[in-house]
Amino acid sequence: IRNTHHSSRITDDLASLCAYLPLALRAAATTLTETPDLDPQKFVEQLRDEKARLNLKAETANNEMISVEASLNLSYARLSEHAQRVFCALSVFPADFDSRAAEVVGEDEEHKGLSELVKRSLVSYKALTPALTPTLSHNETHIVGEGEDSPLPKMPLGFIFGRGVG
């Protein structure tokens, strides 16, 4: 986002819509960085619409959960189909996993899907060890991906709050 008065407003709106949460902000920022033809103002509008949609269906979710899910929904929707399948397959890992395990479980020969997930900040990689950690972890009980219109696979929201590696 270029440094202008208009961009400052977009940045403020984006941060507010992400409830100032690092995970939601990282997913949104990575989506904007990796999609140079995506207009930041249009993305903010999409995030606002997605958050409003999730608020309508929410029974018990709080604003922070909805902010994270909205940001992840937009990030997930921009993944290739192959990376989406790998992402879903990786939900079996409750903690760190190695790239070979990801390759087998995700049926991801040559790690193309995994590489896309790392690039999109949905999986973290620690250079000092060969371990990968899902940006998501299995501790929370709220389910993301509920409802027919959700782009995310159905999984515990806690899968999203991993320790992170790196």
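R26 CZ to T31 OG1: the interatomic distance, rounded to the nearest 0.5 Å, is 11.5 Å. Here the CG-SG distance, from L47 to C18, works out to 5.0 Å after rounding to the nearest 0.5 Å. Within the model, atoms CD1 of I10 and CZ of F43 stand 12.0 Å from one another, a figure rounded to the nearest 0.5 Å. Separation of atoms CG (L25) and OG (S71) is listed at 7.5 Å; rounding is to 0.5 Å. Atom CZ of R53 and atom CD1 of I66 lie 10.5 Å apart (nearest 0.5 Å). Atoms CG and NE2, from L117 and H82 in turn, are 8.5 Å apart once rounded to the nearest 0.5 Å.
Comment: K119 engages E34 in a salt bridge, judged by a side-chain N to carboxylate O separation of less than 4.0 angstrom. Between E103 and R100, at least one side-chain N (NZ, or NE/NH1/NH2) sits under 4.0 Å from a carboxylate O, which counts as a salt bridge. Using a 4.0 Å cut-off between charged nitrogen and carboxylate oxygen, R48 and D13 count as a salt-bridge pair.
Between L72 and A27 the shortest heavy-atom distance is CD2-CB, 4.1 Å. Among all heavy-atom pairs drawn from E116 and S80, the shortest one is OE1-OG, 2.8 Å. Residues A19 and N63 come closest through the heavy atom pair CB-ND2, 4.0 Å.
Between the side chain of T35 and the backbone N or O of L32 there is no donor-acceptor pair closer than 3.5 Å. A donor-acceptor distance shorter than 3.5 angstrom exists from the side chain of S67 to the backbone of L17, with no hydrogens or angles considered. Counting only distance, with no hydrogens or angles, the side chain of S16 and the backbone of D12 share no donor-acceptor pair below 3.5 Å. Put simply, the side chain of D108 never gets that close to the backbone of V86: no donor and acceptor are under 3.5 Å apart.
Under a hydrophobic-cluster definition in which Ile, Leu, Val, Met, Phe, Trp and Tyr are linked whenever side-chain heavy atoms come within less than 4.5 Å, directly or via other members, V104 and F93 are assigned to different clusters. Y20 and M65 are assigned to two separate hydrophobic clusters, defined by single-linkage of ILVMFWY side chains at heavy-atom distances under 4.5 Å.
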For this session: Kindly indicate, with the supporting measurements, whether the criterion side chain to side chain contact (heavy atoms under 4.5 Å, CB included) is fulfilled by L122 and L90.
Result: CA-CA 11 Å; L122 294 172; L90 295 181; over 6 Å; no

For this session: Evaluate side chain to side chain contact (heavy atoms under 4.5 Å, CB included) for S75 paired with R120, printing each intermediate quantity in order.
Result: CA-CA 8 Å; S75 296; R120 297 280 185 161; 6.0 Å; no

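Applying the side-chain hydrogen bond (donor to acceptor under 3.5 Å, both in side chains) test between N73 and each of K51, E50, R78 identifies E50 as the sole match.
Taking E107 as the reference, nothing meets the salt bridge (charged side-chain N to carboxylate O under 4.0 Å, His left out) condition, with sequence neighbours excluded.
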